[in-house]
Amino acid sequence: MKIGKVEMVLAMMLLFNMSYCSAWFGNRHKSGRNSILPTQATSSSCPRLLNPAGSYVVIPLHGNVYPVGFYNVTLNIGQPPRPYFLDVDTGSDLTWLQCDAPCTHCSETPHPLYKPSNDFVPCKDPLCASLQPSEDYICENPDQCDYEINYADQYSTFGVLLNDVYLLNFTNGVQLKVRMALGCGYDQVFSPSSYHPLDGILGLGRGKTSLISQLNSQGLVRNVIGHCLSSQGGGYIFFGNAYDSARVTWTPISSVDSKHYSAGPAELVFGGRKTGVGSLTAVFDTGSSYSYFNDHAYQALLSWLKKELTGKPLKAAPDDQTLPLCWHGRRPFRSIREVRKYFKPVALSFNSGGRVKAQFEIAPEAYLIISNLGNVCLGILNGSEIGLEELNLIGDISMQDKVMIFENEKKLIGWGPADCSRVPKSRGVNI
């Protein structure tokens, strides 16, 4: 959904033929990594070559909530594959790169602009249709798919769709060149406040163009994604069945919202006590650095915080513009550990249809930051003020040090405590 981050999503995509597997098989690498040779693949389909239940993709993350403001991955795309830095966004579907088509409006990128392939997606392709505002859209050029994407932070991008090769390493030792759709973004509109020096966006939402949907449609992994964001910076994302379900708390994905990883209704809890604020819908979105509550929940949170901080050695710091609400102490703070004793956990208690409610706890470390001025600032903001209306966004800050799992097949969202600084490397690992 991209709140407080750059959003670049312009693209060109081509419909791949669903009657055959479009994964490409590379040669054996000198490093000894096992890869499947073309002669081995001729008599077997992709789902048989890669057991979806036994292998998955794990990709390290880089970045942090503050001061970087986003988490990103490095993906190798194209022929030959070249590295690109992509902002991870579970709130949008399309993966895209700033593209030399030529580019009308592109921001500075860490790598040279992506050179598009000529493998275009036709206008009436289902992938193209999934990106259009309505089903009766008009095709100005039947041979290509033009689209425009608008994000919640007023960022927008225009482009065309195509197919190209992604180089992916699976945990069973297989490296595949997988042909999938991506966006070629050549005309972006963004504000300086939303700018980040990235090559593009990694879309991991629920739609047809999402990377996980395309991998699953080719039989390469189960339709499951997850991430683990470390509060120390970095972490990892994964595609496929890569978790230990015994350690996970689950709640259903909302049937009302077909686009996002949304759950609810939930009740707001502060310090283990009910606040009286209920019927909350929450969207889990790595495209947002911070979390956002609707006005009712936000004002209730501020009221509880004010009561909790009465008599504590913290005073408002209006001169600190890092976030809307900051406090200073007698001396500058160096870490959250110094102030966590003054704050209590916040939680969303989801009514999952059973007697036991699924509680998503947000510890003080998961809603506070220490600014460059040494003040402690509230990383939960008022979403109603930026047009989110009644929606509540759970951003990166509140998902730190948890494994988050989005089970698209079972329509479940799960979470559990995890050491996100340790990136899984083998098939036998349990997250």
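Without hydrogens or angle criteria, Ser213 side chain to Gly207 main chain gives a donor-acceptor distance under 3.5 Å. Between the side chain of Tyr84 and the backbone N or O of Pro110, no donor-acceptor pair lies under 3.5 Å. Remark: the backbone N or O of Arg179 is paired with a side-chain donor or acceptor of Gln218 at under 3.5 angstrom. A donor-acceptor pair under 3.5 Å is formed between the side chain of Asp285 and the backbone N or O of Gly91. In this structure, Ser291 contributes its side chain and Gly395 its backbone to a donor-acceptor pair below 3.5 Å. A donor-acceptor contact shorter than 3.5 Å links the side chain of Arg206 to the backbone of Asp257. The closest donor-acceptor contact from the side chain of Asn294 to the backbone of Glu390 lies under 3.5 Å. Within the 3.5 Å criterion, the main-chain N or O of Asn223 finds a donor-acceptor partner in the side chain of Glu409. With hydrogens and angles disregarded, a donor-acceptor distance shorter than 3.5 Å links the side chain of Gln214 to the backbone of Ala181. With Asn150 contributing its side chain and Ser156 its backbone, the two residues share no donor-acceptor pair below 3.5 Å.
Applying the salt bridge (charged side-chain N to carboxylate O under 4.0 Å, His left out) test to residues at least two apart or on different chains, none of the pairs has a partner in residues 61-73. Every pair passing side-chain hydrogen bond (donor to acceptor under 3.5 Å, both in side chains) that includes a residue from residues 358-370 is listed here, sequence neighbours excluded: Arg340-Glu365.
To the nearest 0.5 angstrom, Leu280 atom CG is 8.5 Å from Phe350 atom CZ. Atom CD1 of Ile405 and atom CG of Leu412 lie 10.0 Å apart (nearest 0.5 Å). Taking NE2 of His111 as the reference point, atom CG of Leu198 lies at 10.5 Å (rounded to 0.5 Å). Between the CD1 atom of Ile77 and the CG atom of Leu168 there is a distance of 9.0 Å, given to the nearest 0.5 Å. In this structure, OG1 on Thr286 lies 13.0 Å from CD1 on Ile394, to the nearest 0.5 angstrom. Annotation: the span from Leu381 atom CG to Ile397 atom CD1 amounts to 9.0 Å, rounded to 0.5 Å.
Between Thr251 and Ala358, the shortest heavy-atom distance links the atoms CB-CB, 4.1 Å. Here the closest non-hydrogen pair linking Pro122 and Cys128 is O-CB, 3.7 Å. The shortest non-hydrogen separation linking Asp125 to Tyr137 is O-OH, 4.1 Å. Closest of all the heavy-atom pairs between Phe170 and Leu176 is CE1-CD1, 3.8 Å. Nearest approach of Gly205 to Ser210, heavy atoms of both residues: O-OG, 2.8 Å. Nearest approach of Pro126 to Lys208, heavy atoms of both residues: CB-NZ, 4.0 Å.
The shortest distance between side-chain heavy atoms of Arg422 and Ser230 does not fall below 4.5 Å. Taking 4.5 Å as the limit, every side-chain heavy atom of Glu385 sits out of range of all side-chain heavy atoms of Tyr298. Contact check for Leu391 versus Tyr292: no side-chain heavy atoms found under the 4.5 Å cut-off. Looking only at side-chain heavy atoms (C-beta outward), Leu211 and Tyr166 come within less than 4.5 Å of each other. Counting heavy atoms from C-beta outward, Leu378 and Leu323 have side chains that stay 4.5 Å or more apart. In this structure, Phe239 and Ile59 have side chains that are in contact, with non-hydrogen atoms separated by less than 4.5 Å. Side-chain contact between Thr109 and Tyr114 is absent, with no heavy atoms from C-beta onward closer than 4.5 Å. Here the side chains of Thr322 and Asn372 are not in contact, with every heavy-atom distance at 4.5 Å or above.
By the SG-distance test at 2.5 Å, a disulfide connects Cys326 to Cys377. The sulfur atoms (SG) of Cys123 and Cys139 lie less than 2.5 Å from each other. Cys99 has its SG atom at least 2.5 Å from the SG atom of Cys106.
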Which is it for Val88 and His227 under the side-chain contact (heavy atoms from CB on, under 4.5 Å) test, yes or no, and what are the steps along the way? CA-CA 10 Å; Val88 177; His227 58 74; 6.0 Å; no
Audit row: Tyr290, Tyr66, side-chain contact (heavy atoms from CB on, under 4.5 Å) steps and yes/no:
CA-CA 10 Å; Tyr290 299 104; Tyr66 182 83; 3.7 Å; yes
Would Asp187 and His105 count as a side chain to side chain donor-acceptor pair (under 3.5 Å) here? Give the steps. CA-CA 5 Å; Asp187 190 358; His105 295 103; 2.8 Å; yes
Does the side chain to side chain donor-acceptor pair (under 3.5 Å) test come out yes or no for Gln98 and Asp199, once each step is laid out?
-> CA-CA 6 Å; Gln98 294 205 73; Asp199 296 303; over 6 Å; no
Take Tyr71 and Ile237 through the test side-chain contact (heavy atoms from CB on, under 4.5 Å) and record every step on the way to the result. CA-CA 10 Å; Tyr71 289 86; Ile237 61 172; over 6 Å; no
Is there a side-chain contact (heavy atoms from CB on, under 4.5 Å) between Phe293 and Val277 once you walk through the steps?
CA-CA 11 Å; Phe293 286 175; Val277 178; over 6 Å; no
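Applying the 6.0 Å contact sphere to CD of Gln299 captures more than 12 heavy atoms from other residues, nucleotides or ligands. Glu389 CD: 12 or fewer foreign heavy atoms inside a 6.0 Å radius. Counting non-hydrogen atoms of neighbouring residues, nucleotides and ligands closer than 6.0 angstrom, the NZ atom of Lys411 reaches no more than 12 such neighbours.
Here the options are Ile201, Thr209, Leu86, Asp89, the test is side-chain contact (heavy atoms from CB on, under 4.5 Å), and the partner is Thr95; only Leu86 passes.
Aromatic ring pairs are classed by plane angle as parallel below 30°, tilted from 30° to 60° and perpendicular above 60°; the pair Phe284 and Phe360 is perpendicular. Ring geometry for Phe270 versus Trp304: interplanar angle of 30 to 60°, hence tilted.
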